[in-house]
Amino acid sequence: SAFACGSARSMAGGADAGRRADAQPRVVESAGAPETEAVAAEVAARLRPGDVVLLSGDVGAGKTTFVRGAVRALGHPGRVTSPTFTIVNRYEGGRVPVSHLDLYRLGEHGLDAEDPALLADELGPDRIAFVEWPEAAGSAPLGPVAVRVTIRHRGGDRRTLEIADG
C-alpha cells in the first residue's frame, strides 16, 4: 500500500492509491505522535518538488506533528515547529526545500484580504509546501495539491488520519 506504515492500522483504501485524485481516501488510526509521524514519512516519500499538501483539523489535532514527520523524512534534522505566529517556516538542506505554512492567523478574510503574491515563493515549483488551515486561503490558488490530510482527535493521543490524493 502507498501509505502502509509500521504499527498504524489502515482501515480503508485500495492496494495502491498512487497519485490518482479519484482514489479512495486512506483512513489510518494513530495511537500517538510517533505513529502520526511515521504515516507522514510514508506520504513524504511520494512527494516531489512543487507538490502541496493540505492539512485540516481542529486546533491541537496533530497537523504540525504530521508535518514534523514528513519534514524529517525529507532530510531536515532540526526542530520542526508550528508557524502559527510567523505564518511560514522554511526547512532547507534536506532532499528538497520545504515550506510549512499555517494560515490560521489570517482570520476569516484569509488570503482574499492579502496580496496573492504573499505566498508565491513558498508555493514554488522547487519546494514542497505543507499548508495548515488551507480553508483560510479563500479563493487564492495554493498550487498543485498532491495530498489532502484531515486529522481528527479520538481521545488521549489517538488520532484518525484521512489521507486523500489531490
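Residue D157 holds its CG atom at 9.0 Å from OG1 of T36, rounded to the nearest 0.5 Å. From I87, atom CD1 reaches atom CG of L101 across 8.5 Å, with rounding to the nearest 0.5 Å. In this structure, I163 CD1 and Q24 CD are separated by 14.0 Å, a value rounded to the nearest 0.5 Å. The NE2 atom of H76 lies 13.0 Å from the CZ atom of R90; values are rounded to the nearest 0.5 Å. Taking OG1 from T150 and CZ from F66, the interatomic distance works out to 10.5 Å, rounded to the nearest 0.5 Å. If you take OG on S56 and CD1 on I151, they are separated by 9.0 Å, rounding to the nearest 0.5 Å.
In this structure the side chain of P49 never reaches within 4.5 angstrom of the side chain of D126, judged on heavy atoms. The shortest side-chain heavy-atom distance between R159 and H153 falls under the 4.5 Å cut-off. Using a 4.5 Å cut-off on side-chain heavy atoms (C-beta onward), V52 and L123 make contact.
A salt bridge is absent between R152 and E29: the closest approach of a Lys/Arg side-chain nitrogen to an acidic carboxylate oxygen does not fall below 4.0 angstrom. Salt-bridge annotation for R46 and D165: present, with a side-chain N of the basic residue lying under 4.0 Å from a carboxylate O of the acidic one.
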Are D51 and V147 close enough, and set up right, to give a side chain to side chain contact (heavy atoms under 4.5 Å, CB included), and what steps lead you there?
CA-CA 8 Å; D51 283 347; V147 180; over 6 Å; no
Working for side chain to side chain contact (heavy atoms under 4.5 Å, CB included), residues K63 and F130:
CA-CA 10 Å; K63 296 177 297 293; F130 293 88; over 6 Å; no
Under the criterion side chain to side chain donor-acceptor pair (under 3.5 Å), I'd like the reasoning laid out for R154 against T160: C-alpha separation, chi angles, the key distance, then a yes or no.
CA-CA 7 Å; R154 291 295 178 225; T160 298; 2.9 Å; yes
Checking side chain to side chain contact (heavy atoms under 4.5 Å, CB included) for the pair L103/V131: CA distance, chi angles, key distance, verdict?
CA-CA 7 Å; L103 304 183; V131 182; 3.7 Å; yes
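Partner of V67 under the side chain to side chain contact (heavy atoms under 4.5 Å, CB included) criterion, out of L55, T81, V53: L55 alone.
Using a 3.5 Å distance cut-off with no hydrogens or angles, the side chains of H100 and E132 do pair a donor with an acceptor. A donor-acceptor pair shorter than 3.5 Å can be found between the side chains of S99 and R127.
Here salt bridge (Lys or Arg N to Asp or Glu O under 4.0 Å) pairs that include residues 68-77, with residues two or more places apart or in two chains, are E37-R68, E37-R72.
Partners of A73 according to the side chain to side chain contact (heavy atoms under 4.5 Å, CB included) rule, which considers only residues two or more places apart in sequence or in another chain, are A41, A44.
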